[in-house]
K.L.:
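For reference, the structure I am asking about is given below.
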Amino acid sequence: MELSKNFEPQITDNKWYNHWLDKNYFKSTPDNREAYTIVMPPPNVTGVLHMGHCLNNTIQDILIRRARMKGYNTCWVPGTDHASIATEAKVVGMLRERGITKSSLSREEFLSYAWEWKEKYGGIILQQLKKLGCSLDWDRTSFTMDKEYYDSVIKVFVDLHKKGIIYRGKRMINWDVKALTALSDEEVIRKETKQKLYHLKYKLENSDEPIIIATVRPETIMGDAAICVHPNDERYKNLHGKFAFVPLINRRIPIIADEYVSMDFGTGALKVTPAHDVNDYALGQKHNLETIDIFNDNGTLSEAAQIYIGQDRFEVRKKIAVELEEKGFLLKTEEYTSEVGYSERTDVVVEPRLSLQWWLSMKDIATPALKVVMEEEIKFYPPKFKNVYRHWMENIKDWCISRQLWWGHRIPAWYDEEGNYVVAENEKEAIQEFSKKYGKSNLTIKQDEDCLDTWFSSWLWPFEVFKGYSNPNNDEINYYYPTNTLVTGPDIIFFWVARMIMAGLEYKKQIPFKEVYFTGTVRDKLGRKMSKSLGNSPDLLGLIDQYGADATRFGIMIASPAGNDILFDETALEQGRNFNNKIWNALKLIKMWEPRQSDTYQEENQFAINWFENRLDEVSKDVDNMMQQFRLSESLKTIYSLIWDDFCSWYLEWIKPGFENPINSSTYKKTVTFFTELMQLIHPFMPFVSEEIYHHLEKRNDDLCIKQLSNSKPFDSFTLSTGQLLKNTISGIRDVRNKQQLKPKETIQLFIQTDNENTYKSIESILSKQLNTSSINFTKENIAGSFTTIIDRDKFYVVTEKPIDSTNQKAELEKELNHLKGFLISVEKKLSNEKFVQNAKPEVLAIEQKKKADAESKIKTINDSLELLN
RNA sequence: GGGAGCUUAGCUCAGUUGGUUUAGAGCAUCUGCCUUACAAGCAGAGGGUCACAGGUUCGACUCCUGUAGCUCCCA
């Protein structure tokens with residue numbers, strides 16, 4: 001069969017993916033093998049594949065594929081998250097395009113649109129993962145709003161409420177004025193924001209002098225309940241207990257003292273607005289201040305503000321500043337940068353607000369979840385994230401779990417007309433509860449309008465995808481849980497990782513996973529985060545089309561150490577594509593030999609075969625170790641170099657028969673075996689090209705995808721060091737040839753001066769072939785008229801037909817000599833230091849002595865050569 | 001403001017209990033090659049006082065302290 005010039009992923013990728021699916025290789029059912037399980041972090045159902053997913057899922061696929069080849073029963077579960085805020089926003093947007101507003105719809109109508117949208121556009125990302133080659137068990141695809149999953153979420157809510165862990169309370173929350181919902185603290189992103197600090201004059205009662213306060217939010221003055229100063233602040237001591245008037249509306253407010261105020265910020269006097277600031281709220285509670293909420297849900301001013309009613313908060317800020325200035329209340333403004341909270345989903349400035357919400361008390365369930373990580377029952381890679389985790393868990397606050405949205409799990413609480421409520425799984429049970437709790441029957445009750453935070457469902461993911469809560473102790477949950485490895489970004493360590501650990505311990509009494517691998521953030525070449533506004537997110541599917549899935553996987557994996565950010569650079573994909581091509585060409589070379597096998601014994605191949613076999617064993621062992629420590633980039637680099645350098649550049653050149661000459665048949669067979677093993681090693685990283693080559697190498701009845709890796713064998717270090725000597729010698733003499741500007745076809749005579757003639761004899765035939773020598777001889781003396789070079793500890797003389805150009809030789813030898821002399825001095829200094837000789841370990845001492853001896857003998861050799869030149 | 005981490009060749013990174021030649025790799029650069037698998041290639045080469053300043057030690061890229069710069073997390 002004619003092989004194409006280059007590897008063609010466009011043809012190959014789909015072919016093999018479909019073949020693997022047909023063969024059900026990704027499908028898992030419990031059996032007597034050990035399980036290796038990963039649950040995929042479910043992307044938003046609205047999501048499309050971006051670099052973060054690509055990195056994350058490539059890593060998971062590498063782990064899963066390698067485990068599959070190591071004999072585990074691997075199960076990788078796909079799925080999507082309903083992502084309440086994000087999805088609801090998309091649906092609202094879609095409706096707006098059709099001229100429908102959410103408020104004109106009933107809940108049921110809205111939800112039917114939402115489901116319609118989900119069926120039509122949801123889960124595109126899962127199809128895209130197939131392009132990447134992800135070996136997911138598709139029959140297990142889960143969604144956080146699947147019927148059973150939904151019911152489990154509700155049951156968990158009811159259970160936690162019964163245990164007193166979930167409660168209802170009026171507290172300060174983060175309000176998203178665009179999505180019109182509460183947010184948890186974790187959904188608020190703090191960003192440095194340039195603002196203006198307004199210095200405002202408040203009139204004092206019975207005084208002509210005003211008191212000056214500084215604020216970045218002049219639009220909230222109508223909600224002021226007090227002015228607060230530090231009790232020790234001399235400037236204001238006479239004002240404690242006095243009153244001032246809010247500008248424009250002239251409301252009378254007290255001046256209070258509290259140590260909370262910092263004397264050196266602004267003027268040292270703080271306006272207290274309990275309804276619109278978390279700290280002010282606490283202050284208000286402490287001092288019994290009035291809470292005046294001057295905002296509507298959507299961030300416009302309410303009746304309570306008295307002025308600017310119905311206008312947006314930021315519009316009002318501009319207008320009120322002008323009015324304050326005109327009326328003489330504004331003393332000055334200055335530039336001021338501080339952190340402002342923005343909604344993670346809608347990017348609007350979050351409004352702190354007092355609100356009645358559902359809360360989850362975290363303290364008790366956090367304690368065991370902290371313990372399992374600190375004691376490494378769950379291991380974090382890299383371990384630095386343990387600290388981050390501990391810090392958050394030790395300072396954990398209650399979790400606001402209600403959201404004022406329709407798309408999601410509806411809170412299972414029912415209210416009667418008097419505002420009494422019960423929590424129950426459904427309306428029927430709620431009615432029963434009412435009669436039990438309040439002795440009431442035949443009443444009309446209404447279910448809570450709100451939904452639960454998305455993370456309140458995804459924290460059940462590791463067990464509920466196996467129906468571990470809805471159908472406890474089923475065969476699958478017992479087999480697959482706890483899962484093995486969670487691969488995720490550090491940005492959701494609190495949102496998700498911590499809460500899964502809590503839920504796992506609460507409901508399965510077991511950790512949800514044994515290891516967590518935190519990936520880095522993918523950034524662009526300049527180190528900036530990928531973002532829509534910067535337009536620096538590459539089109540992934542475009543890249544896969546252009547370079548192929550293997551090259552894309554290679555490109556993203558080659559420079560991504562665990563926990564460090566990845567600077568994405570398209571040249572890495574080129575490198576991947578070139579690597580594909582290199583492998584492909586090695587295949588072409590070997591296929592050329594296939595019909596040209598003979599039985600003639602080729603002595604020179606024995607060393608090459610023996611060496612490569614050992615090298616393969618050595619690298620297999622290294623890769624095993626690295627994979628266990630999740631050093632994936634390093635593993636890939638190591639295999640890359642094994643294939644490109646050791647196999648292609650050295651081994652294949654060493655055994656390559658002359659032009660149109662036959663190849664020894666056993667050499668050929670060995671080579672096919674080596675190539676197969678190499679494809680096996682690279683397969684988890686680059687599944688398509690390796691599977692394709694596997695089938696080209698020989699006619700096969702099985703597939704590489706499930707071919708089992710053999711256990712690593714011991715290797716012989718003498719053979720490996722001889723191989724290294726051979727490589728060094730070839731490189732060294734090639735350098736001489738280069739410098740003498742010898743054409744490849746011009747032969748040389750090589751003389752070797754060494755104590756290890758036998759070693760060189762075992763590699764003599766390869767040396768001869770690689771260096772195009774007419775003869776190789778051993779000598780005890782200098783060879784006149786030669787070019788001399790020292791490689792490792794031996795001396796080589798190159799004799800050519802052209803006269804030797806020795807002009808550079810002298811300079812080079814002298815350079816080497818100087819280096820060695822300097823080196824020798826440092827070694828001698830060490831050895832003449834008595835304390836070193838006394839304290840250093842014997843091995844270290846021996847090494848230093850050997851260094852000294854080597855350096856001395858080399859110096860002597862160089863001096864001899866220099867003498868000859870003079 | 002508190003905490004964590006980073007700083008090694010032009011770029012991206014290794015460097016595993018302090019001593020295996022006065023530091024390694026890939027990419028990029030330079031030189032020579034269209035050699036009968038591969039120019040998306042082959043063969044070579046150059047390039048670093050390991051951020052800075054102290055300290056511990058016989059010995060520091062590696063341990064300690066401080067300084068500067070960058071990143072992240074929390075308030």
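Below, all heavy atoms of this structure are taken into account, side chains as well, without hydrogens, waters or symmetry copies. Just so it is clear: chains get the letters A, B, ... in the order the sequence lines come, proteins before strands, and each one is counted from 1.
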K.L.:
When you measure from the side chain of A:Asn772 to the backbone of A:Pro744, do you find a donor-acceptor pair of N or O atoms at a distance under 3.5 Å?
P.N.:
yes
K.L.:
Measure CG/A:Asn581 against P/B:rG41 and give the value in whole Å, please.
P.N.:
8 Å
K.L.:
Starting the side chain at C-beta, find the nucleotide from B:rG19, B:rU12, B:rG44 nearest to A:Leu567.
P.N.:
B:rU12
K.L.:
Choosing from B:rA40, B:rA14, B:rA75, which nucleotide comes nearest the side chain of A:Glu634?
P.N.:
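Closest of the options to the side chain of A:Glu634: B:rA14.
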K.L.:
With respect to the side chain of A:Met592, which nucleotide from B:rA37, B:rA14, B:rA40 is positioned closest?
P.N.:
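It is B:rA37.
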K.L.:
Searching all strands shown, indicate the nucleotide that pairs with B:rG1 (Watson-Crick or G-U wobble; both distances under 3.5 Å).
P.N.:
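Per the H-bond distance test, B:rC74.
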K.L.:
Using a heavy-atom cut-off of 4.0 Å across all strands, would you classify A:Trp593 as base, sugar-phosphate, or nothing?
P.N.:
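Answer is nothing: A:Trp593 stays at 4.0 Å or more from every strand.
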K.L.:
Can you say whether the rings of A:Tyr651 and A:Phe647 are parallel (under 30°), tilted (30 to 60°) or perpendicular (over 60°)?
P.N.:
parallel
K.L.:
Counting side-chain heavy atoms from C-beta on, which of B:rA45, B:rU20, B:rA75 comes nearest to A:Ile847?
P.N.:
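The nucleotide sitting nearest to the side chain is B:rU20.
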K.L.:
Using whole Å, report how far CD1 of A:Ile663 lies from C1' of B:rA37.
P.N.:
13 Å
K.L.:
Hey, is A:Asp854 close enough to A:Lys850 for a salt bridge, meaning N to O under 4.0 Å?
P.N.:
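Yes.
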K.L.:
Donor-acceptor pair under 3.5 Å: do we get one between A:Arg577's side chain and the base of B:rA40?
P.N.:
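It does, because a donor-acceptor pair links the side chain of A:Arg577 to the base of B:rA40 below 3.5 Å.
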K.L.:
With a 4.0 Å cut-off on heavy atoms, is A:Phe579 in touch with a base, just the backbone sugar-phosphate, or nothing at all?
P.N.:
nothing
K.L.:
Does B:rU20 have a Watson-Crick or wobble partner in any strand here, with both distances under 3.5 angstrom, and which is it?
P.N.:
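Base partner found: none.
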K.L.:
Checking contacts here: which listed nucleotide (B:rC42, B:rU22, B:rA43) is nearest the side-chain heavy atoms of A:Arg734?
P.N.:
B:rA43
K.L.:
Ignoring the backbone of A:Trp650, work out which of B:rU71, B:rG19, B:rG44 is nearest its side chain.
P.N.:
B:rG44
K.L.:
Please determine whether a side-chain nitrogen of the Lys or Arg among A:Lys363 and A:Asp398 lies less than 4.0 Å from a carboxylate oxygen of the Asp or Glu.
P.N.:
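Answer for the salt bridge query: no.
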K.L.:
Can A:Thr638 and A:Asp622 be counted as having a side-chain donor-acceptor contact under 3.5 angstrom?
P.N.:
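Their side chains do not contain a donor-acceptor pair, so the 3.5 Å distance test is not met.
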K.L.:
Looking across every strand, which nucleic acid part, if any, lies under 4.0 Å from A:Gln741 by heavy atom: base, sugar-phosphate, or nothing?
P.N.:
nothing
K.L.:
If we call it a pair only when both distances are under 3.5 Å in a Watson-Crick or G-U wobble match, what pairs with B:rU65?
P.N.:
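The answer is B:rA53, by the H-bond criterion.
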K.L.:
Please tell me which of the listed nucleotides, B:rG26, B:rU22, B:rC42, lies nearest to the side chain of A:Ser649?
P.N.:
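So the nucleotide nearest the side chain must be B:rC42.
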K.L.:
Using a heavy-atom cut-off of under 4.0 Å over every strand shown, decide if A:Arg737 touches base, sugar-phosphate, or nothing.
P.N.:
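If one applies the 4.0 Å heavy-atom cut-off, A:Arg737 turns out to touch nothing in the nucleic acid.
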K.L.:
Taking atom types as they are modelled, would you say the side chain of A:Lys588 forms a donor-acceptor pair with the base of B:rC38 within the 3.5 Å cutoff?
P.N.:
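It does not, because no donor-acceptor pair links the side chain of A:Lys588 to the base of B:rC38 below 3.5 Å.
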K.L.:
Under 4.0 Å, heavy atoms only, any strand: does A:Lys5 hit a base, just the sugar-phosphate, or nothing?
P.N.:
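Result for A:Lys5 = sugar-phosphate.
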K.L.:
Just how far, in rounded Å, is P of B:rU57 from CZ of A:Phe836?
P.N.:
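Going from A:Phe836 (CZ) to B:rU57 (P), I get 17 Å.
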K.L.:
Is the backbone N or O of A:Phe495 less than 3.5 Å from a side-chain atom of A:Arg499, with the two atoms forming a donor-acceptor pair by type?
P.N.:
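Side chain of A:Arg499 to backbone of A:Phe495, a donor-acceptor pair under 3.5 Å: yes, one is there.
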K.L.:
Do the side chain of A:Gln770 and the base of B:rA43 come within less than 3.5 angstrom through a donor-acceptor pair of N or O atoms?
P.N.:
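Flag unset: no donor-acceptor pair detected.
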K.L.:
For A:Lys637, which contact category applies under a 4.0 Å heavy-atom criterion: base, sugar-phosphate, or nothing?
P.N.:
sugar-phosphate
K.L.:
Partner lookup for B:rA40, please. Criteria are Watson-Crick or G-U wobble with both distances under 3.5 angstrom; report none if nothing qualifies.
P.N.:
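Checking every strand shown, B:rA40 finds no partner, since no pair has both distances under 3.5 Å.
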K.L.:
For A:Asn6, which contact category applies under a 4.0 Å heavy-atom criterion: base, sugar-phosphate, or nothing?
P.N.:
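The answer is base, as A:Asn6 lies within the cut-off (heavy atoms under 4.0 Å) of a base atom.
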K.L.:
What does A:Ser731 touch in the nucleic acid at a heavy-atom separation under 4.0 angstrom: a base, only the sugar-phosphate, or nothing?
P.N.:
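Answer is sugar-phosphate: A:Ser731 comes under 4.0 Å of backbone atoms only.
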K.L.:
Which base sits across from B:rG10 as a Watson-Crick or G-U pair, both distances under 3.5 Å?
P.N.:
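B:rC27 is the nucleotide pairing with B:rG10.
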K.L.:
From the options B:rU21, B:rC72, B:rG41, select the nucleotide whose nearest atom is closest to the side chain of A:Arg523.
P.N.:
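Among the listed nucleotides, the one closest to the side chain of A:Arg523 is B:rC72.
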K.L.:
Find the partner of B:rU35: check Watson-Crick (N1-N3 plus N6-O4 or O6-N4) and G-U wobble (N1-O2, O6-N3) distances, both under 3.5 Å, and reply none if neither fits.
P.N.:
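Because no pair has both required distances under 3.5 Å, B:rU35 counts as unpaired.
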K.L.:
Select one nucleotide: of B:rC27, B:rG44, B:rG15, the one nearest the side-chain heavy atoms of A:Gln575.
P.N.:
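Out of B:rC27, B:rG44, B:rG15, the nucleotide with an atom closest to A:Gln575's side chain is B:rC27.
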